[in-house]
Amino acid sequence: MPWRKPFLPPSSLSRADLSRRAYEVWISETMLQQTRVATVVGYYQKWMARWPTIWDLAAATEEDVVGMWAGLGYYSRARRVWEAARMVCCVADGDGDGNGGVLPGDVDSLMRLPGVGRYSAGAVAAIVFGVAAPVVDGNVLRVLSRQMGVLGDVKADRTVVELLWAAAGELVKAVAGDGVSERPGHWGQALMELGSTVCMPKPNCTACPITETCRAYAEGLALANRGGVRIKEGVVEDVEDLCTLCAPLEETAENEDEGSEPASKPSRNGGILSRFFATTQTPRQTTTASGIDARTMTVIINHARKFPLKKPKKRVREEETLVCAIRRASDGRYLIHQRPAKGLLAGLWELPSHTLPVTNDSSPESRRTQALPYVAELVATQRNKRAVKHVCEIGSVPWLFSHLKLTMHVHLFEIDDAERLPEQGPRERWASAQDIETESMGTGMKRCWALVKKRIGETTQLNPARPV
Ligand code: SF4
């Protein structure tokens, strides 16, 4: 990972080097949110080649920055990164005396910058400035929920999330000791890495270096050994009832495999936790994974997989849109629109798009019927609808957002003569194919444009005199 570098105390760095290092970590951590490392590496390298310092970024145009982000999703993040860079280069040091350009070194000040949440603030503070700040991503939430045995929803339950953040804060303080050092950054990155490589949704407890402190591991071991465990009845009967944070545990068969049904219904009494707490003479845990037989390890892993609590996913909304490539015959330009400044794909350019009403009758013919008046309205040729020619539906592009499953049906139109074409405002214009190639568009829309290009290319080869 090109952004991983040895820690150097901030006091030993020149202002320019400190600025550069903080900038690298900030950009990489922002890109890494919701995106896999393998994808981010290429984007990061291109970004740094174009804007090697925060000053270069602050001097860029918003449009260029958003364009560079295309493909990483959450485009508003790119806009906020740009805004934050501009702030840091002007006033981040608070006195406006021209000493800006270095991101602040503490979490609170970092979080005052646009788009910087506590995760990225923690990462910059810990990794760059050596401050004891927690760095908690989804992987760390999973590791901590297992280590602490918290069976809660780490995505939606604020109380659970805050508890785990607080625990992470205490842990990093204990690890860091006094002063500034590489330890907070190493600790945060190690926890994240453990979550992404070992304590994955299906954990590899056999390879885990911290089984000794893992509550889920210990419970799984007690469950596997319960035939030999002496349970002191009556000491703690309803321990699950004492905890208002965790969901009830489902007790499962010891040899439960992936996909098999639980052996019993959820139980609040006499469940695994009661057995665990009531056990006074649990056989000594094996503190490393060595010496654990395969059956026992399967029970442990299946138990650990219950953490954190998984809530059934909400059904993703489905939507169909018409994406209309409207080609002006006289000069081969296409009408493009800019999306509103807020909301999905904010500020990006697109071929005019129209959301279809939800029906069971989505066929090429019904879509054509709906596309025609939409396009006629757009190009204001109501007095002569024959000027709008529907060439064809070229194809469909499925696209998945986190909350939306979209199918984009790409239609090609040609207009011979536009009596009153739309005013060319800041949010719409007739663009050449070359302009569209370099325009800031979402990746889904770029796929739609690729279909149009292919179609035009094929038609041109067949009949160069008449492109469409
Ligand atoms: S022992 Fe297993 S569940 Fe616990 S932290 Fe390690 S990998 Fe995760």
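Indexing begins at 1, ligand by ligand and atom by atom, following the structure's order.
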Do any N/O/S atoms of C205 come under 2.8 Å of atom 2 (Fe) of ligand 1?
yes

With a heavy-atom distance limit of 4.0 Å, tell me whether A304 approaches ligand 1 through its side chain, its backbone, both, or neither.
side chain

Pick one: which of H409, E320, R367 meets side chain to side chain donor-acceptor pair (under 3.5 Å) with S396?
H409

For Y217, take its heavy atoms, then give the atoms of ligand 1 lying under 4.0 Å from any of them.
1 (S)

Taking atom CZ of R20 as the centre, does the number of heavy atoms from other residues, nucleotides or ligands within less than 6.0 Å exceed 12?
yes

Look at the rings of H403 and F401 and say which category their plane angle falls in: under 30° parallel, 30 to 60° tilted, over 60° perpendicular.
tilted

Counting only heavy atoms not in K310, do more than 12 fall under 6.0 Å of its NZ?
yes

Ligand 1 to Q147, heavy atom cutoff 4.0 Å, flagged ligand atoms 5 (S)

Would you call T211 a ligand 1 contact, heavy-atom distance under 4.0 Å?
yes

With a 4.5 Å cut-off on side-chain heavy atoms, are L351 and I336 touching?
yes

Do F129 and L18 come close enough that some side-chain heavy atom pair is under 4.5 Å?
yes

Tell me whether C214 has at least one N, O or S atom under 2.8 Å from atom 6 (Fe) of ligand 1.
no

Protein contact to atom 8 (Fe) of ligand 1 [nearest heavy atom, distance to 0.1 Å]
C199 SG, 2.4 Å

Protein heavy-atom partner closest to atom 6 (Fe) of ligand 1 - residue, atom, separation in Å:
C208 SG, 2.3 Å

